Amino acid sequence: MRALLCTAILVAFASPAFAIDPGPAFDDPELQARYERLTRELRCLQCRSETIADSNASLAADLRRQLRDLIAAGKTDEEIFQYMTDRYGDYVLYKPPVKRRTLLLWMAPVLFLISGITAAAVVIARKSRLPEDDPSDPGLGDS
Amino acid sequence: MWRYLIPAGVFAVLVGFFVVGLHTDKQTLPSPLIGKPAPRFELPRLEDPTELVSSEQFAGRKYLVNVWGPWCEGCQQEHPALLEIARRGQIPIVGLTVPQGALADLQGNPLPLEQVLSEIQLGLRWLSELGNPYDICLFDQMWKVAIDFGVYGAPETFLIDERGFVVHKHTGPLTIADWERDFVPKLGREGGVDG
């Protein structure tokens with residue numbers, strides 16, 4: 001019974017690993033790896049939260065085909081991203097480029113970290129200013 | 001005092017973000033093509049696929065490019081508006097007819113001719129049943145031109161000016177209200193209504 005359950009779980013987790021297209025786009029493994037990497041960096045604009053690698057929307061299939069043609073034509077990654085953003089805007093890139101408009105987005109983790117550290121520092125400093133053996137403060141209440 | 005004010009302030013800022021977020025249209029993506037030259041194209045006519053039509057043919061006048069397909073529900077929804085725009089005769093409408101996805105396999109090879117022809121037949125039947133607002137329809141079997149236009153879902157409508165620049169883009173079913181609000185004011189500029 002347990003073995004059966006384990007198998008079922010493994011099978012359930014294995015299925016997303018299947019490629020979305022019936023066969024590889026390139027015979028050359030190096031080109032195929034590049035193709036797969038780029039499909040994971042481009043957004044499907046019909047489904048928004050999926051990359052064109054994950055989406056089975058028709059637009060994603062068409063963009064994969066276009067990507068394959070561009071790679072086959074010997075375009076560099078930059079040229080391919082330029083081609084896509086010229087037509088679909090920055091939104092097509094799954095990773096937004098660092099620009100003045102997106103600076104706050106990119107800086108957000110750092111800002112949150114700084115504000116967290118500041119808050120922690122303030123609380124610790126305030127607590128440590130209390131006398132060690134203040135009977136009125138059990139260490140949990142108001143500081 | 002601060003211990004209550006700070007969380008309340010943070011909460012107010014969050015609510016502010018949510019209110020703005022609720023009222024922003026997140027479906028329509030801005031087109032990077034606005035104010036840039038429209039992509040050039042050369043495609044077969046839907047009515048007669050042996051005849052190739054190039055974008056050069058429309059140079060020097062304003063025209064609309066309407067991306068549609070017989071499979072597309074939104075296109076059916078906007079169809080009466082297109083017929084009305086055509087009836088007013090202010091501007092020629094070029095139909096860019098697309099299949100639901102490119103008629104090709106993964107290797108980029110076009111599908112067999114019968115399949116392409118049956119797709120064309122569907123388009124022609126649609127026009128004869130619902131009425132034809134288009135001055136000309138071009139069939140983009142491989143979505144090549146549609147991708148050049150940055151199309152991410154039909155229907156989409158582009159206004160192109162005399163210089164061949166994209167002036168406006170409408171995503172989703174067009175209504176007469178949209179037309180009068182967003183397109184008509186842009187028709188008058190440079191050289192009058194009839195280009």
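Source: prediction; values computed, not measured. Order of the sequence lines sets the chain letters (A, B, ...), proteins ahead of strands, with each chain counted from 1.
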[X] with [Y], same ILVMFWY side-chain cluster at under 4.5 Å:
{"X": "B:L122", "Y": "B:L127", "result": "no"}
{"X": "B:L83", "Y": "B:L46", "result": "no"}
{"X": "B:V94", "Y": "B:F165", "result": "no"}
{"X": "B:I160", "Y": "B:I34", "result": "yes"}

Please rank B:P32, B:P39, B:A102 by heavy-atom pairs under 4.5 Å with chain A and give me the top one.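 Highest number of heavy-atom pairs under 4.5 Å: B:P32.
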Positions in residues 82-110 of chain A that reach chain B, provided some heavy atom is under 4.5 Å away: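 Those residues of residues 82-110 of chain A which have a heavy atom under 4.5 Å from chain B are A:Y83, A:T85, A:D86, A:R87, A:Y88, A:G89, A:Y91.
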As an exercise, state the distance from NZ of B:K144 to CD of A:Q66, rounded to the nearest 0.5 Å.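 Nearest 0.5 Å value for the NZ-CD distance: 4.0 Å.
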Could you tell me the separation between the CG atom of A:L63 and the OH atom of B:Y152, rounded to the nearest 0.5 Å?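 A:L63 atom CG to B:Y152 atom OH measures 13.0 Å (nearest 0.5 Å).
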Near A:D27 CG, under 6.0 Å, is it more than 12 heavy atoms from other residues, nucleotides or ligands?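 Incorrect, the count does not exceed 12.
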For B:R40, does the CZ atom have more than 12 heavy-atom neighbours from other residues, nucleotides or ligands under 6.0 Å away?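 Incorrect, the count does not exceed 12.
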Side chain to side chain contact (heavy atoms under 4.5 Å, CB included) between A:L59 and B:Q100, worked out: CA-CA 9 Å; A:L59 180 67; B:Q100 190 152 16; over 6 Å; no
Donor-acceptor list for residues 130-137 of chain B side chains, cut-off 3.5 Å, not counting sequence neighbours:
residue: B:N132; atom: OD1; partner: B:Y134; partner atom: N; Å: 2.8
residue: B:Y134; atom: OH; partner: B:N66; partner atom: OD1; Å: 2.7
residue: B:D135; atom: OD1; partner: B:I93; partner atom: N; Å: 2.8

